[in-house]
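Order of appearance sets the numbers: ligands from 1, and atoms from 1 within every ligand. Computed from heavy atoms alone, side chains included, the values below leave out hydrogens, waters and symmetry copies. Nothing fancy with the numbering, it's 1 onward along the sequence. The structure displayed is predicted, hence computed values, not measured ones.
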Amino acid sequence: MRKALVIGAAGQIGTELTYRLSEELGTDNVIASDISELYFEDQPNIRTVILDVLDFELLKSTILDNDISEVYHLAATLSANAEKNPGFSWHLNMQSLLNILNLAKEGHISKIFWPSSVAVFGTDTPKENTPQFTLMNPNTVYGISKSAGENWCNYYYEKYGVDVRSLRFPGLLGYKSDPGGGTTDYALWALKNSSNNLPYVSFLSRETTLPMMHMEDAIDGIIQLMNVPNSDIKIRTSYNISSVSFSPTELEKEIQKTIPAFKISYEPDFRQSIADSWPHSIDDSLARNDWNWNPKYNFESLVKNIIEGFKKKVLIVTR
Ligand code: AKB
C-alpha cells in the first residue's frame, strides 16, 4: 500500500501535487504538510498536518505514525528569496533533504521525490540546449544548494540504496497557487495581471530567455518518474526536463493574442543577474529516452490555458 507525505504542500508545486496524488492514491493515502496551517478548499477531506521539516523527531514520528511509504519533499527557499538570506536558505534546503534521506537510509521511507532546478547551472554552462552533463558552477545560493542536494541524493542512492528520484525543473507556471520567491515568477505575475486586465512591470529585461513549463506537465513528470521501475532510472542526481523557452517580450506578444491591450514595461532588479546565469533552453533527451518524458503543452497552449485558469479565479489553498 502506497502512502504519501507531501512536505511544503501549500507551495506552488505542493498544492497541485497534493490534489493529483489524492486522485492517484486515494485521499486517505495522502497527507499534506506545511510549516503553518493549510486547507484544501476543493477537497477538505485531504488530511493536513503542521510540520517543520527541520524538526527531525517530528518528521520521523509523522512518517512512522502514518505508515508513510513515499515522501515528496518540496519545502525550500527559492532563488530570489535565498539571495536575501543565504545562511538560512542553505540550512533549510540542505538539512531538510538530509533529514529525509537519513530516514530513508534507516528504512522508514521507501521512495523520495525531491525537486532540483535549472539553477544548478551557472554562467560557465552552455546556454542553449544545456546538456545533462556539463560544466555547472552555480552562481546563486539556491543553485549551490540544489547542486549539493543532487550530489547527496546520488550519494545516498549509491552508498545506501536509497530510492530517491529528482527532476531539474525550469520555471513552473500554473494558476492554482502563487509562486514563492523565484526568478522565473515574473512570467506568472505577467499572466495573472493580464487576465485581470492589468499591465505588468517586469523585474527581468525584455530579452531574458528562460526555460519554462506548465505546472500540469511538471506534475505529470513527477508522477511518471515515481512510477518508473527502479532499474529504469539511470540518473540519481537529477534529470534535465524541458518544455518551452521564452523571453518577457515574447510572452507579451503571446498574451496579446488573447488580451490585445496587455503591456509589459521593464524595471530589472537584482533578479536579472540570477536569470543571466541560467540556461536559455535545456536538452532533456535522457529523460525522454529513459522513461518517456514528453510534455503536452507548447508555448501557445500554455499561455492560453493559464489565462483561462486565472479568469476562472481558481483559488485553492489558503494559509
Ligand atoms: C526559481 O526561479 O527560483 C525557480 C526555479 C527555476 O527553480 N522557479
Side-chain angles (χ1 to χ4, degrees), residues 8 10-17 72-86 88-90 92-94 96-97 113-123 125 127 130 136 138-150 153 166-192 202-205 208-219 221-222 237-248 251 268-284 287 295 302 306:
Q12 204 197 358
I13 305 177
T15 307
E16 298 203 30
L17 182 62
Y72 297 78
H73 171 31
L74 310 168
T77 309
L78 296 186
S79 57
N81 280 351
E83 291 307 299
K84 295 180 197 155
N85 197 345
F88 174 72
S89 304
W90 169 257
L92 172 65
N93 293 1
M94 278 302 82
S96 61
L97 176 62
F113 176 79
W114 174 78
S116 185
S117 161
V118 296
V120 294
F121 300 114
T123 40
T125 303
K127 293 254 180 255
T130 302
M136 295 167 94
N139 298 74
T140 62
V141 176
Y142 175 65
I144 295 169
S145 72
K146 287 294 180 189
S147 172
E150 286 190 3
C153 289
S166 177
L167 300 173
R168 286 177 182 154
F169 283 130
L172 298 182
L173 305 173
Y175 52 82
K176 296 182 183 169
S177 68
D178 285 342
T183 302
T184 56
D185 294 3
Y186 92 84
L188 200 58
W189 297 126
L191 286 157
K192 193 170 189 176
S202 171
F203 55 77
L204 297 184
S205 68
T208 310
T209 300
L210 289 171
M212 302 275 182
M213 182 179 291
H214 195 297
M215 183 61 82
E216 265 174 56
D217 279 329
I219 301 295
I222 297 174
T237 47
S238 188
Y239 275 99
N240 274 10
I241 57 166
S242 164
S243 169
V244 299
S245 286
F246 56 81
S247 64
L251 179 62
D269 66 15
F270 74 99
R271 289 167 277 196
Q272 184 65 45
S273 64
I274 301 177
D276 288 341
S277 74
W278 288 353
H280 299 162
S281 59
I282 301 288
D283 173 6
D284 60 1
L302 177 152
I306 290 180

Q) Should the ring pair Phe246 and Tyr186 be called parallel, tilted or perpendicular, given that the plane angle runs from 0 to 90° and is split at 30 and 60? A) perpendicular
Q) Do Thr208 and Gln272 have side-chain N/O donor and acceptor atoms under 3.5 Å apart? A) yes
Q | Atoms in ligand 1 with a heavy atom of Ser79 nearer than 4.0 Å | A | 1 (C), 2 (O), 3 (O)
Q. How far is atom 2 (O) of ligand 1 from its nearest protein heavy atom, and which residue and atom name does that atom have?
A. Thr183 N, 2.7 Å
(Q) Show the atoms of ligand 1 that are less than 4.0 angstrom away from any heavy atom in Trp278. (A) 1 (C), 2 (O), 3 (O), 6 (C)
Q: Would you tell me whether Ser79 and Thr183 have side-chain atoms, one donor and one acceptor, within less than 3.5 Å of each other?
A: yes
Q. How far is atom 8 (N) of ligand 1 from its nearest protein heavy atom, and which residue and atom name does that atom have?
A. Thr184 OG1, 2.8 Å
Q) Atoms of ligand 1 less than 4.0 Å from Ser117 heavy atoms? A) 5 (C), 6 (C), 7 (O)
(Q) Applying the side-chain contact (heavy atoms from CB on, under 4.5 Å) criterion to Asn81, which one of Leu78, Asn85, Thr77 satisfies it? (A) Thr77
Q: For Leu78, take its heavy atoms, then give the atoms of ligand 1 lying under 4.0 Å from any of them.
A: 3 (O)
Q: Measure the acute angle between the ring planes of Phe169 and Phe113, then classify it against the limits of 30° and 60° as parallel, tilted or perpendicular.
A: tilted
